[in-house]
There are 2 protein chains.
Amino acid sequence: MQPGSHGLNFELKHYQALQIVWAESPVDPLSARTYGEDPRALHGILALCQRSSRYRRDRVIFFEGDPTDYLFFLSRGSVRTCRSFKDGKRSVVAFHVAGEFFGLDGEMTHSLRAEAATDTTVMPLKRSAVLAKAVHDRRISDFLLVSMAKELRRLREHTALISRNAQCRLATFLIDLSARTGKTENLDLPMSHQDIADYVGLSIETVSRVITQFERSGFISRTSARSLMLGDRNALMRIMA
Amino acid sequence: MQPGSHGLNFELKHYQALQIVWAESPVDPLSARTYGEDPRALHGILALCQRSSRYRRDRVIFFEGDPTDYLFFLSRGSVRTCRSFKDGKRSVVAFHVAGEFFGLDGEMTHSLRAEAATDTTVMPLKRSAVLAKAVHDRRISDFLLVSMAKELRRLREHTALISRNAQCRLATFLIDLSARTGKTENLDLPMSHQDIADYVGLSIETVSRVITQFERSGFISRTSARSLMLGDRNALMRIMA
DNA sequence: CGGCATATTGAATAAGATCAACATCGGTGG
DNA sequence: CCACCGATGTTGATCTTATTCAATATGCCG
């Protein structure tokens with residue numbers, strides 16, 4: 001892959017979604033005009049990538065404790081960031097889908113491990129190079145700010161699930177995933193039930209049972225375990241409370 | 001309170017903690033040199049505050065759905081950001097302590113409610129003014145970046161609790177709180193048990209029981225319900241797994 | 001001192017985890 | 001193309017953990 005093309009084969013809507021964050025009034029200095037209509041910021045960042053890397057499902061992209069020397073642009077596939085505990089349990093803290101950055105951190109070492117949840121293509125970007133460029137190009141620092149603001153919001157939403165029951169957790173997960181991938185129907189889950197379970201904090205058995213329950217209630221239908229149709233989104237929304 | 005003084009009566013260590021984030025090698029453009037040794041960035045932001053506001057315990061600072069016109073610097077007290085659900089339950093997504101910003105968001109409206117967890121003094125800052133100033137002063141945009149990176153990391157840590165048991169959740173909470181407030185002993189909880197329960201996703205009864213359990217195990221001791229002594233931090237760390 | 005918030009403790013209940021058996025899927029090699 | 005096999009997902013029975021409900025205690029502020 002050439003540096004000039006930047007492997008921009010992720011869907012355009014992801015990029016646009018990234019851009020409109022903080023879109024507000026026309027007078028806002030960080031408005032849609034600044035972010036939304038000019039791909040140069042993203043382009044400028046991705047120009048720092050020498051070559052893209054591919055990871056097969058379950059391969060580790062960085063470990064907990066690794067230096068935060070690189071951040072990554074995910075051009076294809078999906079990534080999970082997670083932590084494993086001494087008792088063998090695992091928490092998936094976040095999923096990332098195509099068009100998103102991951103590995104941004106304010107410390108010198110990663111506090112989480114990143115793994116490919118499906119086969120992926122990522123563009124590694126030397127953190128120091130990105131930051132050096134951000135010093136001279138304010139659109140790039142703004143871009144980072146926007147990326148982080150988006151991730152913050154997603155984490156806040158997810159955190160609010162900690163006191164909710166199994167149905168609510170999974171309804172929220174499904175609605176969120178369909179929104180992020182832009183799939184309103186025929187939602188193909190880009191991760192295993194085990195990944196979902198570790199993300200929402202339930203056992204795989206409970207995940208399976210609740211999805212079956214949703215199906216029996218007519219909220220969703222399935223062609224296979226991994227490919228759903230959200231027939232009644234409103235019902236799921238109601239469960240989210 | 002005069003604009004010149006900016007109500008900087010929060011403890012210096014908070015500020016320093018904020019500054020050393022992303023500190024890395026001397027050649028890093030966003031290194032400790034940039035952030036760590038110059039209070040002008042924070043000063044520059046706080047100069048935008050016309051007057052500080054006080055909120056008594058449980059008062060709402062902003063509601064879910066309110067426009068994100070202001071962000072806030074917390075100069076005294078503690079704040080919780082939370083969401084209430086139709087079934088009457090509440091999730092506390094984050095606590096903020098003196099020296100931190102809150103209310104930063106990438107969208108036009110807040111997705112969470114912010115309330116004073118104790119009596120507080122906050123400095124409201126017009127978001128558009130901060131961003132306008134950030135355009136001309138790169139230290140300010142950097143400062144925002146650092147603030148958000150810190151909040152991201154805290155949320156990630158908290159999110160990982162979703163699949164952990166009651167002891168682990170509370171041990172993590174206590175250790176984290178003592179680190180953030182800098183109190184290694186005589187940890188005074190700046191929030192009610194109900195707040196803690198809604199934060200870690202347990203009932204108040206379970207919170208009470210686990211704390212009692214910690215006390216009986218000799219990990220902590222209490223002079224009152226709200227003032228603890230973490231006698232055996234290592235034991236708590238072990239429980240965090 | 002009184003009265004209301006907050007916190008503790010116990011007993012019953014419910015939600016989800018765990019254990020175990022079985023089903024299905026997807027890939028591989030014959 | 002089909003048979004096989006390991007990985008993934010489903011379903012049922014039982015057990016554990018935390019919730020709920022209820023009663024009591026303690027603290028806090030007038």
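Throughout, protein chains are lettered first and strands after them, A, B, ... in sequence-line order, and every chain is numbered starting at 1. Side chains included, hydrogens not; waters and symmetry mates left out as well; all remaining heavy atoms used.
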Q. Where does dA14(C) land, syn or anti, given syn is within 90° of 0?
A. anti

Q: Would you check if the side chain of Thr120(A) reaches a backbone N or O of Gly77(A) as a donor-acceptor pair within less than 3.5 Å?
A: no

Quick one: is [N] close enough that its OP1 or OP2 comes under 4.0 Å of any side-chain N or O from [X]?
{"X": "Arg222(A)", "N": "dT10(D)", "value": "yes"}
{"X": "Arg57(A)", "N": "dT8(D)", "value": "yes"}
{"X": "Lys89(B)", "N": "dT19(D)", "value": "no"}
{"X": "Thr206(B)", "N": "dT19(D)", "value": "yes"}

Q) Is there a side-chain contact between Leu236(A) and Met240(A) (heavy atoms, below 4.5 Å)? A) no

Touch class at under 4.0 angstrom, heavy-atom based, for [X] against every strand present:
{"X": "Ile204(B)", "result": "nothing"}
{"X": "Ser203(A)", "result": "base"}
{"X": "Thr212(A)", "result": "sugar-phosphate"}

Atom [atom1] of [X] to atom [atom2] of [N]: distance rounded to whole Å?
{"X": "Leu170(B)", "N": "dT17(D)", "atom1": "CG", "atom2": "P", "answer": "16 Å"}
{"X": "Asp58(A)", "N": "dA7(D)", "atom1": "CG", "atom2": "P", "answer": "11 Å"}
{"X": "Gln213(B)", "N": "dG10(C)", "atom1": "CD", "atom2": "C1'", "answer": "15 Å"}
{"X": "Arg169(A)", "N": "dA17(C)", "atom1": "CZ", "atom2": "C1'", "answer": "13 Å"}
{"X": "Arg216(B)", "N": "dT8(C)", "atom1": "CZ", "atom2": "P", "answer": "11 Å"}
{"X": "Leu228(A)", "N": "dT10(D)", "atom1": "CG", "atom2": "P", "answer": "9 Å"}
{"X": "Leu202(A)", "N": "dG9(D)", "atom1": "CG", "atom2": "P", "answer": "15 Å"}
{"X": "Ile196(B)", "N": "dT8(C)", "atom1": "CD1", "atom2": "C1'", "answer": "14 Å"}

Q. Is the shortest distance from a Lys or Arg side-chain nitrogen in Arg80(A) or Asp198(A) to a carboxylate oxygen in the other one below 4.0 Å?
A. no

**Q.** Closest-nucleotide ordering on DNA chain C, the 5'-leading residue of Gln167(A) and His193(B)
**A.** His193(B)

**Q.** First of Glu205(A) and Ile211(B) reached from the 5' end of DNA chain C, by closest nucleotide
**A.** Ile211(B)

Q.
Suppose we call a contact any N or O donor and acceptor under 3.5 Å apart; does that hold for the side chain of Arg209(A) and the base of dG12(D)?
A. yes

Q | Euclidean distance, Phe101(B) CZ relative to Met148(B) CE, rounded to 0.5 Å | A | 12.5 Å

**Q.** Option among Arg83(B), Arg90(B), Arg56(B) that satisfies the salt bridge (charged side-chain N to carboxylate O under 4.0 Å, His left out) test with Glu115(B)
**A.** Arg90(B)

Q. Looking at the side chain of Ala166(A), which of dG16(C), dA7(C), dG9(D) is the nearest nucleotide?
A. dG16(C)

(Q) With a 3.5 Å limit on both atom pairs, tell me what dA5(C) is paired to, counting Watson-Crick and G-U wobble, or say none. (A) none

Q. Paired with dT26(D) by Watson-Crick or G-U wobble geometry, both distances under 3.5 Å: which nucleotide is it?
A. none

Q. Can you name the nearest heavy-atom pair linking Thr118(B) to Pro190(B), along with the distance?
A. CG2-O, 3.0 Å

